[in-house]
Amino acid sequence: MSNYDRIYSIVSQIPSGKVATYGQIAELAQLYGQARLVGYALRRLDPRSPVPWHRVINAKGEISYSALRRGNDYQQRSLLEAEGIEFNRQGKIDLQVYLWRSSVR
DNA sequence: GTCGTGACTCGAT
DNA sequence: AATCGAGCCACGA
């Protein structure tokens, strides 16, 4: 089982209406300290993949932008809002409210 | 096999 | 509050 497989399976567990950070996913995938790898894995994911990639954000509660995504980041925000997640004035998500607390560990 | 890169994070400026 | 630099290491060319 590759690291990517673990990452995808964990991301798939995030419930609708909640979000998780890259670092959090890394920990759950037993890849502590390798948050970058999580982003790496999601980058090669297709936008129409079954994995809810849009529920993964950075530690600051913001959407991580990348030139390589070309507009998909805007779509991410729409998807999250459609699930009831709110963005504050600075385009940030309140992690205290929306962060996913995984039962597994 | 080597090398550059990065949807990140954290602590220090 | 905004920026910077270093750390992390699997992946793909």
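All figures in this text were calculated on a predicted structure; none of them were measured in a lab. To find a chain, count down the sequence lines: A is the first, B the second, and so on, and within it residues start at 1.
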With 3.5 Å as the limit, what N/O pairs link the protein to nucleotides 2-5 of chain B?
none

Drop me the distance from [X]'s [atom1] to [Y]'s [atom2], to the nearest 0.5 angstrom.
X: A:Q13; Y: A:S103; atom1: CD; atom2: OG; result: 8.0 Å
X: A:Y98; Y: A:I93; atom1: OH; atom2: CD1; result: 8.5 Å
X: A:N3; Y: A:Q30; atom1: CG; atom2: CD; result: 9.5 Å
X: A:Q76; Y: A:D73; atom1: CD; atom2: CG; result: 7.5 Å
X: A:E62; Y: A:R77; atom1: CD; atom2: CZ; result: 11.0 Å

Open item on the list: Closer than 4.0 angstrom, basic N to acidic O: yes or no for A:K18 and A:E83?
Closed with: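 No.
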TODO: Please go through A:L28's hydrophobic cluster and name the other residues, only I, L, V, M, F, W, Y counting, with side-chain heavy atoms under 4.5 Å joining them.
DONE: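 A:Y4, A:I7, A:Y8, A:I10, A:V11, A:I14, A:Y22, A:I25, A:L31, A:L37, A:V38, A:Y40, A:L42, A:L45, A:V51, A:W53, A:V56, A:L79, A:W100, all in the cluster of A:L28.
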Open item on the list: Tell me the interatomic distance from A:I7, atom CD1, to B:dG6, atom C1', rounded to whole angstroms.
Closed with: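 To the nearest whole Å, that distance equals 13 Å.
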Task: Contact pattern, 5' to 3', of nucleotides 8-13 of chain B - B, S or - by protein heavy atom under 4.0 Å - done: BSS---
TODO: Select base, sugar-phosphate, or nothing to describe what A:Y4 touches, counting heavy atoms under 4.0 Å on all strands.
DONE: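 Result for A:Y4 = sugar-phosphate.
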- [ ] For DNA chain C, note the earliest and the latest nucleotide, 5' to 3', having some atom under 4.0 Å of a heavy atom belonging to chain A.
- [x]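 On DNA chain C, the outermost contacted nucleotides are C:dG7 to C:dG12.
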TODO: Give the C-alpha distance, both sets of side-chain angles, the deciding distance and a yes or no for side-chain contact (heavy atoms from CB on, under 4.5 Å) between A:F87 and A:E81.
DONE: CA-CA 8 Å; A:F87 289 72; A:E81 291 179 324; 3.7 Å; yes
Open item on the list: Which residues pass the side chain to side chain contact (heavy atoms under 4.5 Å, CB included) test with A:R101, not counting sequence neighbours?
Closed with: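 Residues passing side chain to side chain contact (heavy atoms under 4.5 Å, CB included) with A:R101: A:L99.
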TODO: Could you pull out all residues at least two apart from A:R6 that satisfy salt bridge (Lys or Arg N to Asp or Glu O under 4.0 Å)?
DONE: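 Per chain and number, A:R6 pairs via salt bridge (Lys or Arg N to Asp or Glu O under 4.0 Å) with no residue.
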